[in-house]
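When a ligand or atom number is given, it counts from 1 through the structure's own listing order. Side-chain atoms are counted along with the backbone in the values below, which use heavy atoms only and exclude waters and symmetry mates. Residues take their numbers from the sequence shown, with the count starting at 1.
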Amino acid sequence: MYSSKITGLGYYVPENVVTNNDLTTFMETSDEWIQERTGIKERRWIDPKTDDTTATMGAKAAKIAIERAGLTKNDIDFIVFATLSPDMYFPGGGVQIQDLLEMPTIGALDVRNQCSGFIYALSVADQFIKTGMYKNILVIGSENHSGALDKSTRGRNVSVIFGDGAGAAILSRCAEEGKGILSSHLHSEGKHAKELVLEGPATQRWVPEIIENNDDSDLSYYPYMNGQFVFKHAVSRFSEAIIEALQANNLQKEDIDMLIPHQANLRIAQYIQKKFNLSDKQVFNNIMKYGNTTAASVIIALTEAWEQGKIKDNDLVILAAFGSGFTWGSVILRW
Ligand code: ACO
């Protein structure tokens, strides 16, 4: 069996910065409420006048990651693309990346696991590398939330949280023993699907039906979130995912050099940090700048932490996420 290692990282966020105060111009909210409950100060929302979309942002992040891995687009064997906000209902974003980057006709797989999307995508890529089928896989998480949020006061509990952006990693075959991805752990609990959901358009909530019911009672075309329910599940599932990753590798919480939690809410990350007795140096957060970018959040945070020199050779890194589905999971790596 081979092992797999991240050899390139990149991210891209839209230029357009939307501060909490900016939001108060079109909904009833406040900088104080948002910062106190979520830690978010600002987020990036695509300016519709630019060419930024879920796919083009993913392609921009991917280009950086490929270059930093010292590879060219022709060295990539496979694409795994995670998003909950694809440009089109079908086909998925993976084939758009293959086209935008003018890559050979390699396979492209789409992952639909929301905030856990990048964890799932990385785990899938890891399996292809471990079996020897592929050598270099491009793994992307990208989201355009701003195009589908209810930006009125009615939708404020959801819309203030989410931001746009993309991140990418190159996962490559690795000859060094004990390096790279040590294990990945994936979970789901579909009975809670409707606690964090965007129902339509989809085959159970098709466009004519939405148009017909297009009054104040039909909000199925906007995301719905039962915030407190999600919060409670998030804190316990995050913890479980971290413990599971440590136990599977006979490691202790003291061994963690860097925890990159999905950036859902700074309060969740702080709760986890306290629970595991981790120092500020051992946990990386950037939700303050970007909000929750769902499938892009872990990979943008990982890239920034690495760019800032906070992840060094041989460090033990845990990536953990929880989100809609419910889905959750972790990936543990020796850098
Ligand atoms: N500005 C001002 N007031 C607001 C806002 C806002 N943006 N949003 C809600 N409020 C009000 C509510 O109307 C309510 O007022 P009321 O008491 O008069 O009725 C009050 O604030 C409290 O509302 P709650 O929804 O109970 O607020 P809560 O403390 O739960 O915080 C939050 C909301 C931040 C969303 C929190 O529940 C949370 O972070 N949940 C978890 C989110 C998460 O982890 N998501 C998973 C990933 S996302 C994915 O997978 C796609």
Side-chain angles (χ1 to χ4, degrees), residues 18-43 54 82-86 111-121 141-165 186-190 192-199 219 222-239 241 260-272 285 287-288 290-301 319-329:
V18 179
T19 66
N20 293 342
N21 279 330
D22 292 337
L23 298 179
T24 64
T25 61
F26 47 85
M27 67 174 78
E28 281 173 36
T29 189
S30 68
D31 179 45
E32 194 190 2
W33 192 96
I34 299 170
Q35 285 213 46
E36 198 181 295
R37 305 279 176 132
T38 70
I40 299 166
K41 295 182 178 174
E42 58 189 41
R43 74 284 295 135
T54 298
T83 188
L84 65 63
S85 53
V111 165
R112 294 282 312 271
N113 289 80
Q114 301 68 248
C115 293
S116 313
F118 192 78
I119 300 291
Y120 269 75
S142 182
E143 302 288 1
N144 167 7
H145 284 301
S146 62
L149 295 171
D150 177 358
K151 293 172 185 151
S152 70
T153 299
R154 189 179 57 187
R156 65 185 178 176
N157 70 316
V158 173
S159 52
V160 302
I161 297 173
F162 291 103
D164 303 335
L186 309 175
H187 296 277
S188 71
E189 193 171 26
H192 301 310
K194 295 256 171 123
E195 304 298 340
L196 181 45
V197 65
L198 197 163
E199 289 195 44
L219 299 176
Y222 285 130
Y224 163 79
M225 178 167 72
N226 181 346
Q228 293 192 5
F229 189 84
V230 173
F231 194 105
K232 277 186 210 143
H233 281 258
V235 290
S236 62
R237 295 308 192 187
F238 258 116
S239 305
I260 310 270
H262 161 54
Q263 302 293 291
N265 184 325
L266 192 60
R267 304 295 160 243
I268 296 175
Q270 286 168 338
Y271 174 90
I272 301 298
N285 290 301
I287 190 169
M288 306 72 91
Y290 304 129
N292 179 350
T293 57
T294 309
S297 111
V298 166
I299 180 59
I300 294 177
L319 316 176
F322 173 87
S324 162
F326 291 158
T327 58
W328 64 98

Logged contact type for Phe229 with ligand 1, heavy-atom cut-off 4.0 Å, is neither

Under 3.5 Å, N or O to N or O, is Ser30 touching ligand 1 that way? no

By the definition side chain to side chain donor-acceptor pair (under 3.5 Å), identify the one residue from Asn285, Asn292, Thr293, Thr38 that meets it with Gln263. Asn285

Would you say Arg267 has more than 12 foreign heavy atoms packed within less than 6.0 Å of its CZ? yes

Between CG on residue Leu319 and NE2 on residue His262, distance to nearest 0.5 Å: 13.0 Å

How are the rings of His233 and Phe322 set to each other: parallel, tilted or perpendicular (split at 30° and 60°)? parallel

How many angstroms lie between NZ in Lys41 and CG in Asp31, if you round to the nearest 0.5 Å? 9.0 Å

N/O of Gln228 under 3.5 Å from N/O of ligand 1, yes or no? yes

Going by the closest heavy atom to atom 31 (O) of ligand 1, which one wins out of Trp33, Phe231, Trp328, Phe162? Trp33

Can you tell which of Arg37, Glu28, Glu143, Met27 gets a heavy atom nearest to atom 22 (C) of ligand 1? Arg37

Any protein heavy atom < 4.0 Å from atom 17 (O) of ligand 1: no

Within a radius of less than 6.0 Å around CD of Gln270, do more than 12 heavy atoms belonging to other residues, nucleotides or ligands occur? yes

Does the side chain of Gln114 come under 3.5 Å of the side chain of Thr294 through a donor N or O and an acceptor N or O? no

Close-contact set for ligand 1 against Ile268 heavy atoms, below 4.0 Å: 44 (O)

Decide yes or no on side chain to side chain contact (heavy atoms under 4.5 Å, CB included) for Leu149 and Val158, but give the supporting numbers first. CA-CA 8 Å; Leu149 295 171; Val158 173; 4.2 Å; yes

Report the nearest protein non-hydrogen atom to atom 25 (O) of ligand 1: residue, atom name, distance rounded to 0.1 Å. Asn157 CB, 4.6 Å

Are any of the N/O atoms in Thr38 less than 3.5 Å from those in ligand 1? no

With heavy atoms under 4.0 Å as the rule, classify the contact between Val160 and ligand 1 as side chain, backbone, both or neither. side chain

Side-chain H-bond candidate by donor/acceptor type, Asn21 with Thr24, under 3.5 Å: no

Sub-4.0 Å protein heavy atom near atom 35 (C) of ligand 1: yes

How far does OG of Ser146 sit from CZ of Arg43, to the nearest 0.5 angstrom? 11.0 Å

Ligand 1 to Gly323, heavy atom cutoff 4.0 Å, flagged ligand atoms 50 (O)

When you compare ligand 1 with Gln114, is there at least one nitrogen or oxygen pair between them that comes in under 3.5 angstrom? no

Does ligand 1 have a heavy atom under 4.0 Å from the side chain of Met225, from its backbone, from both, or from neither? side chain

Nearest protein heavy atom to atom 3 (N) of ligand 1: under 4.0 Å? yes

Which atoms of ligand 1 have any heavy atom of Ser324 under 4.0 Å away? 49 (C), 50 (O)

Check Asn265 against ligand 1 and report side chain, backbone, both or neither, counting heavy atoms closer than 4.0 Å. side chain

Closest to atom 1 (N) of ligand 1 among protein heavy atoms sits Thr29 OG1, 2.6 Å

Shortest protein contact, atom 12 (C) of ligand 1 (heavy atom only): Arg156 NH2, 3.9 Å

Please could you name the atoms of ligand 1 that Asn292 approaches to less than 4.0 Å, counting only its heavy atoms? 47 (C), 48 (S)

What is the ring orientation for Phe162 with His145, classed by angle as parallel under 30°, tilted 30 to 60°, or perpendicular over 60°? tilted

With a 4.0 Å heavy-atom cut-off (strictly under), which part of Ile161 contacts ligand 1: side chain, backbone, both or neither? side chain

Go through Thr29 and Asn20 one step at a time and tell me if the side chain to side chain contact (heavy atoms under 4.5 Å, CB included) criterion holds. CA-CA 8 Å; Thr29 189; Asn20 293 342; over 6 Å; no

Closest to atom 37 (O) of ligand 1 by heavy-atom distance, out of Gly117, Ser85, Gly227, is Gly227

Looking only at protein heavy atoms, which one is nearest to atom 43 (C) of ligand 1, and what is the separation? Val230 CG1, 3.5 Å

Could you identify the single nearest non-hydrogen protein atom to atom 47 (C) of ligand 1 and state the distance to 0.1 Å? Cys115 SG, 3.2 Å

Assess whether side chain to side chain contact (heavy atoms under 4.5 Å, CB included) is satisfied between Val160 and Ile40, documenting all intermediate values. CA-CA 8 Å; Val160 302; Ile40 299 166; over 6 Å; no

Ser142 and Thr54: side chain to side chain contact (heavy atoms under 4.5 Å, CB included), yes or no, with the steps? CA-CA 6 Å; Ser142 182; Thr54 298; 3.7 Å; yes

